[in-house]
Amino acid sequence: MEKSLQRFSLLVITLSLFSFSIPVSLSLPFVVFHGFGGECSNNKVSNLTLSLRTLSGHPGSCVEIGNGLLDSLFMPIRQQASEACKKIKQMPELSEGYNIVAESQGNLVARGLIEFCDNAPPVINYVSLGGPHAGIAAIPEGCTDHVAPSGYVKIPTDIEKYLEYSKYLPELNNERPGEKNSTFKDRFTSLHNLVLIMYQNDTMLVPRETSWFGYYPDGAFSPVLPPQKTKLYTEDWIGLKTLDDAGKVKFVSVPGGHIEIRDEDLVKYVVPYLQNESTLSSEHEAM
Ligand SMILES: *[C@@H]1O[C@H](CO)[C@@H](O)[C@H](O)[C@H]1NC(C)=O
Ligand SMILES: *[C@@H]1O[C@H](CO)[C@@H](O)[C@H](O)[C@H]1NC(C)=O
Ligand SMILES: *[C@@H]1O[C@H](CO)[C@@H](O)[C@H](O)[C@H]1NC(C)=O
Ligand SMILES: *[C@@H]1O[C@H](CO)[C@@H](O)[C@H](O)[C@H]1NC(C)=O
């Protein structure tokens, strides 16, 4: 003990005599975005955030949009994403990059942040829990008068109207012919890992495969196309295919209903993606 302490002190003294540069390993932080009708302070969301912090050993927090629950229902998703963009840029601890875990509708906020937010710190890994990435073909029960989901409802038999009037998802997915923005694609493609978790018993998302970017073909309610058979993938509108070809996409299917994740699945599919170190070269000045 004594001896190693001495040796350490000697090392510190020796090193502090010079100006030098060494790589410093930083614990990348993560942020959580909750879903429709959730809020950071609710038991389930705060418990998830705390569990992820404990299990990963990395710092992390839930980022609230507006006033929480009500804004998650009534604030248009585009505005939620723009609020998230502002907030993230005001968090100095994220300035070297960070990871995201998002639940349900919070995934459309997260992707808005990744694709639309200018001059933002980089998102390294992104874990999506039950996200309506390709849209939803039915409005969940009791949600008809809420504003937020209208940004991602996509009725397969009414695609023309969707492309013309939908205020959020067509742009996020680069779906409109002639209006595809390569910046959105470049930003999404720069992710290091994309983990898409689908719940086998999800009845909230129709179809549940939207969690993997799977969806109905234009014009019909069947069959559900796997992600690799959709135009978003084959024509690589946002870089999903590029990421997948590079081995950076994990399509994960877990037991349970909408965003009901078991501890063992959290440990297996979420935690490893929060344990990334960012190695930066940092200048150290002599005393
Ligand atoms: C694409 O998006 C970027 C970032 O928001 C924006 O600066 C650029 O003007 C957009 N390009 C087109 C062609 O709309
Ligand atoms: C999934 O749903 C089936 C049929 O309703 C049910 O038998 C099963 O217990 C459910 N599993 C989980 C993990 O929720
Ligand atoms: C909180 O999270 C832990 C770990 O994931 C889980 O075992 C526990 O059941 C959760 N408690 C509540 C109230 O959700
Ligand atoms: C960890 O993050 C660094 C950038 O900070 C990246 O280069 C590397 O690919 C990441 N590794 C994993 C496994 O996510």
Side-chain angles (χ1 to χ4, degrees), residues 33 35 38 44 47-48 51 65 76-90 94-95 97-98 100 103-104 107-123 126-133 136 138 140-141 151-152 163-191 195-212 214 224 232 235-243 251-270:
F33 290 106
K44 270 181 109 174
N47 190 33
L48 174 73
S51 300
I65 311 295
I77 299 280
R78 181 177 297 279
Q79 197 182 334
Q80 294 191 37
S82 122
E83 294 274 316
C85 171
K86 271 186 230 149
K87 274 205 154 172
I88 290 295
K89 289 197 274 193
Q90 288 163 4
L94 305 183
S95 64
Y98 64 103
I100 296 181
E103 296 187 305
S104 193
N107 283 290
L108 300 186
V109 176
R111 283 185 50 217
L113 181 59
I114 294 167
E115 295 179 38
F116 299 156
C117 188
D118 296 327
N119 307 313
V123 178
Y126 165 34
V127 183
S128 157
L129 308 173
H133 294 292
I136 50 173
E141 242 174 85
Y152 52 97
L163 287 178
E164 191 166 351
Y165 297 109
S166 175
K167 293 205 162 65
Y168 191 67
L169 197 62
E171 193 178 346
L172 190 70
N173 283 347
N174 261 339
E175 283 181 272
R176 293 192 174 109
E179 290 179 37
K180 303 196 194 308
N181 186 317
S182 60
T183 303
F184 305 160
K185 178 177 177 177
D186 292 344
R187 288 176 179 164
F188 195 65
T189 310
S190 72
L191 289 170
V195 183
L196 298 170
I197 296 183
M198 171 170 71
Y199 295 88
Q200 286 153 21
N201 275 20
D202 197 333
T203 52
M204 186 74 81
L205 300 181
V206 180
R208 65 178 65 90
E209 290 83 354
T210 190
S211 309
W212 281 4
V224 177
L232 177 141
E235 296 178 4
D236 212 16
W237 293 342
I238 56 163
L240 183 64
K241 181 175 189 299
T242 303
L243 283 171
F251 295 98
V252 178
S253 166
V254 298
H258 190 59
I259 61 170
E260 288 170 4
I261 199 152
R262 302 177 305 178
D263 287 353
E264 61 200 274
D265 291 326
L266 216 52
V267 167
K268 207 159 142 193
Y269 302 117
V270 184

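Counting begins at 1 with the first residue of the sequence. Order of appearance sets the numbers: ligands from 1, and atoms from 1 within every ligand.
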For atom 12 (C) of ligand 1, the protein heavy atom that lies nearest, with its residue and separation
N181 ND2, 3.4 Å
How about CE on M198, more than 12 heavy atoms from neighbouring residues, nucleotides or ligands closer than 6.0 Å, or not?
yes
Under a 4.0 Å N-O cut-off, is there an ion pair linking K180 with D236?
no
Within the structure, does at least one protein heavy atom fall under 4.0 Å of atom 9 (O) of ligand 2?
no
Any donor and acceptor pair, going by atom type alone, linking the side chain of T210 with main-chain N or O of P207 inside 3.5 Å?
no
Does any N or O of ligand 1 fall below 3.5 Å from an N or O anywhere on R187, backbone included?
no
Report, in ascending order of atom number, the atoms of ligand 1 lying under 4.0 Å from any heavy atom of F184.
2 (O), 5 (O)
Please tell me if atom 2 (O) of ligand 1 is touched by the protein, where touching means a protein heavy-atom distance below 4.0 Å.
yes
Which residue and heavy atom of the protein sit nearest atom 5 (O) of ligand 1, plus the separation:
D118 OD1, 3.6 Å
For atom 13 (C) of ligand 2, grab the closest protein heavy atom and report residue, atom and distance to one decimal in Å.
G256 N, 3.5 Å
Top protein contact for atom 11 (N) of ligand 2, by heavy-atom distance
N201 ND2, 3.0 Å
Is there a donor-acceptor pair under 3.5 Å between the side chain of N174 and the backbone N or O of S182?
no
If you draw the axis of the six-membered ring of Y199, does the NZ or CZ of R208 fall within 45° of it and under 6.0 Å from the ring centre?
no
Validation row: I197, V270 side chains within 4.5 angstrom (heavy atoms)
yes
